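Take a look at the structure set out below.
As the structure is a computational prediction, the values presented were derived from the model and not from experiment. Start at 1 with the first residue, then count along the sequence.
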Amino acid sequence: TSPSAPPGQASPAMKVKEIKNGRLAMMSFLGMVSQYAVTGTSPLEGLKAHMANPTQVNIFTSSVGNEFVAAIIFCSIAPCYFVLQEQISDGSDDEFRPIPW
């Protein structure tokens, strides 16, 4: 928090909230920049186009739709792989290394 914060708002809980808010803002900005890079439209133009035709203007119908679906599938399967690896391990391996090198 800043030194000019009102009294009572410089608590550790407020510092955590401010950090989380900053992270959310950074992710939002990354989304806006990515949208412009893919579609060439601003966030408001993209929202207007999506609201006018939501079935044809969305992430799945964009130029990176297939890559997005592949990333979602990977992110869904990866945790299952690690849990399965932990369950079938006999415990003799001290450190699990998903990449052998």
Side-chain angles (χ1 to χ4, degrees):
T1 58
S2 69
S4 62
Q9 295 215 357
S11 67
M14 285 304 291
K15 290 179 182 179
V16 170
K17 289 179 182 179
E18 189 172 343
I19 289 172
K20 288 182 179 182
N21 186 34
R23 290 178 181 168
L24 179 63
M26 287 187 280
M27 293 302 293
S28 299
F29 180 75
L30 178 63
M32 288 188 287
V33 170
S34 300
Q35 176 183 353
Y36 182 78
V38 170
T39 64
T41 62
S42 72
L44 292 178
E45 290 170 346
L47 177 62
K48 287 178 186 176
H50 175 70
M51 295 302 285
N53 191 359
T55 59
Q56 295 299 318
V57 181
N58 56 50
I59 186 68
F60 301 108
T61 60
S62 71
S63 62
V64 294
N66 292 335
E67 290 87 353
F68 181 74
V69 171
I72 294 294
I73 290 171
F74 174 77
C75 290
S76 300
I77 293 174
C80 299
Y81 171 77
F82 293 118
V83 168
L84 180 64
Q85 183 67 28
E86 184 178 309
Q87 289 180 353
I88 62 174
S89 174
D90 61 357
S92 63
D93 200 7
D94 292 335
E95 183 179 336
F96 170 63
R97 296 181 183 182
I99 300 174
W101 55 88

When clusters are formed by joining ILVMFWY residues with side-chain heavy atoms under 4.5 Å apart, either directly or through shared neighbours, do [X] and [Y] land in the same one?
X	Y	result
Phe68	Leu30	no
Tyr36	Leu44	no
Ile72	Ile77	yes

For the residue pair [X] and [Y], what are the closest heavy atoms and their distance?
X	Y	value
His50	Val57	ND1-O, 2.6 Å
Pro43	Gln35	CA-OE1, 3.7 Å
Ser63	Val38	OG-CG1, 3.5 Å

Quick one: pull up [atom1] in [X] and [atom2] in [Y] and give me the separation to the nearest 0.5 Å.
X	Y	atom1	atom2	answer
Thr61	Asn58	OG1	CG	4.0 Å
Thr39	Glu45	OG1	CD	8.5 Å
Lys48	Ser42	NZ	OG	7.5 Å

Answer yes or no: are there more than 12 heavy-atom neighbours, outside Leu84 itself, under 6.0 Å from its atom CG? yes

Within a reach of under 6.0 Å around CG of Asn66, are more than 12 heavy atoms found that belong to other residues, nucleotides or ligands? no

Could you walk me through whether Ile59 and Val64 pass side chain to side chain contact (heavy atoms under 4.5 Å, CB included), step by step? CA-CA 7 Å; Ile59 186 68; Val64 294; 4.2 Å; yes

